[in-house]
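Comments concern the structure below.
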Amino acid sequence: MTLNRRRFLKTTAGTILAAPALVNGALASNHGPIKFVSILDQSGGLDIYGKPMVDATKMAIDEMNEGGGLLGRKIDLKVYDPQSSIQFYTQFATQATAGDRADVVHAGITSASREAIRPTFSRYNTLYFYNVLYEGGVCDINNFCTGSTLAQTVEKLVPYTMKKWGKKVYIVAADYNYGQITAQWVQKYVRDNGGDPVETEFFPLDVTNFGPTIKKIQSSGADMVMSALVGGAHISFYRQYAAAGMTKSVPVASTTFGVGNEHKLISAEEGDGMICAYSYFEEIDSPANKDFVARFKARMGADAPALNELAARSYEGAYLWAEAVKAAGTTDRMPVIEALRSGLGFDGPSGRVDIEPKTNHCNQNVYLAELKDQSFNIIETYESQPPSDTLLVCDLVADPNQSVFKFENGLKAAGIDIKSKKYLYKNYSLIFKK
């Protein structure tokens, strides 16, 4: 096909005129405020977790802006409250991506909320951080999971408490995928250490009456209880357990207690002696953490909540992202992802955290602690623990084109027999009351 001179000049002129607009449009994405969106529960049954996370996120962003922002640009923080509703999570995820055009989103508390919104961020190519301890198994180039996994914490917690208290373990857990999967890992770790998981019970998140279960624990012959209960309603278990006089005879360890500051909501008598394992406790005795706690409390005043892994990791997750933006010299998604996966890290209140590139999870310190007078006393420290459970099933270096949740593969790889798959197909929208 021939092209006459007039048409050629008309076509090329249009292209030349359009080019600066396209360039300016691209450049415009790296000018003006940087858009940082947080989607975390500040009401509903999960607000005990979400409020400190939001406070810590705001503190991080305010500090960055007071220091001149990132790349000479102010960071604009927008916070949404999904009210412990999966429906609102999905709504706000769409708003953050398609409406707000966020540069990064830090969102989700339960695994159910994460899995409800993670596909939206992948579809819209919006960088996503999940800053909560969880059961492991997410393998997604676009998703960075900074919280501890079960192999980092529970794998330390189970043998320590069994050696201290005995080998017969009664397991109580929340009835959704975190509780169901955690219970199977706990059973594995109990058996691996020569123990007997005598009984496992699951409870919906709105259950408050644990009397029948406490009676079963009394008659079970268990030496200890391992709790993976979640949310405000489940605090009732610890109060009712203490009221029944059980804390001395059958002590409790937990994979979740304290990350919602439950230890400040129950009395010292109700909580004393409980043992937990996390990547952060407010009581860590280091200059970096003491400074962090002092600044947080000065900022929040009398309203300051206790600090826990979820709050600290929200703060550190924001700074990990910021360090990657500085290293990349842009907020564009792929350069930031590459920077995060390059070995970059952040020295925060919990210690050094850096991204393990096969999984997009954190290598991080882990601490065992015992509760006494509503404070945790650290009794063991494990430095720079890898996410070994997720490493069993995820290799984003070999195959970066992944966006999946491989928890079932992880259970199988660890030799765990999956006896029931009912939680695999649970409708996430039904987990919480509207």
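Side-chain contact check for Asn142 and Arg333: at least one donor-acceptor pair (N or O, by modelled atom type) lies under 3.5 Å. One side chain, Glu309 or Ser279, offers a donor N or O that lies under 3.5 Å from an acceptor on the other. With hydrogens and angles left out, the side-chain atoms of Asn131 and Ser314 include no donor and acceptor closer than 3.5 Å. In the model, Thr255 has a side-chain atom that pairs as donor or acceptor with a side-chain atom of Tyr178 under 3.5 Å. The closest side-chain donor-acceptor pair between Tyr319 and Glu63 falls under 3.5 angstrom. At a cut-off of 3.5 Å, with distance as the only test, no side-chain donor of Thr149 or Glu135 sits close to an acceptor on the other residue. A donor atom on one side chain and an acceptor atom on the other are not found under 3.5 Å apart for Ser384 and Asn363. In the model, Ser38 has no side-chain atom that pairs as donor or acceptor with a side-chain atom of Thr57 under 3.5 Å. For the residue pair Asp41 / Gln83, no side-chain donor-acceptor distance below 3.5 Å is found, with atom types taken as modelled. Of the N and O atoms on the side chains of Gln95 and Asp100, at least one donor lies less than 3.5 Å from an acceptor on the other residue. Judged purely by distance below 3.5 Å, without hydrogens or angles, the side chains of Tyr382 and Glu155 never pair a donor atom with an acceptor atom. For the 3.5 Å distance criterion, the side chains of Tyr49 and Asp47 fail to qualify, holding no donor opposite an acceptor. Judged by distance alone, the side chains of Ser111 and Asn177 never bring a donor and an acceptor atom under 3.5 Å apart. Side chains of Ser350 and Arg313: a donor-acceptor N/O pair is present below 3.5 angstrom, by distance only. One side chain, Tyr280 or Asn289, offers a donor N or O that lies under 3.5 Å from an acceptor on the other.
Across Tyr80, Tyr130, Phe36, a single residue satisfies ring pair (Phe, Tyr, Trp, His ring centres under 6.0 Å) together with His106, and that is Phe36. Of the residues listed (Phe144, Trp321, Tyr315), the one engaging Phe129 in a ring pair (Phe, Tyr, Trp, His ring centres under 6.0 Å) is Phe144, and it is the only one.
Using a 4.0 Å cut-off between a side-chain N of Lys or Arg and a carboxylate O of Asp or Glu, Glu282 and Lys297 qualify as a salt bridge. The pair Arg299-Asp55 does not count as a salt bridge, with every side-chain nitrogen at least 4.0 angstrom from each carboxylate oxygen. A salt bridge is defined here as a Lys NZ or Arg NE, NH1 or NH2 lying under 4.0 Å from an Asp or Glu carboxylate O, and Asp140 with Arg118 meets this definition. Taking a cutoff of 4.0 Å between a charged side-chain nitrogen and a carboxylate oxygen, Asp192 and Lys188 qualify as a salt bridge. A salt bridge links Lys216 with Glu201: at least one charged nitrogen is closer than 4.0 Å to a carboxylate oxygen. Taking a cutoff of 4.0 Å between a charged side-chain nitrogen and a carboxylate oxygen, Glu383 and Arg352 do not qualify as a salt bridge.
Without hydrogens or angle criteria, Asp223 side chain to Val250 main chain gives no donor-acceptor distance under 3.5 Å.
Residues Gln364 and Tyr278 fail the side-chain proximity criterion, which asks for heavy atoms closer than 4.5 Å.
Classified by interplanar angle (parallel below 30°, tilted 30° to 60°, perpendicular above 60°), the ring pair Phe121/Tyr128 is tilted. Using cut-offs of 30° and 60° on the angle between ring planes, the pair His234 and Phe210 is perpendicular. Phe376 and Phe281 have tilted rings, their planes meeting at an angle from 30° to 60° on a 0 to 90° scale.
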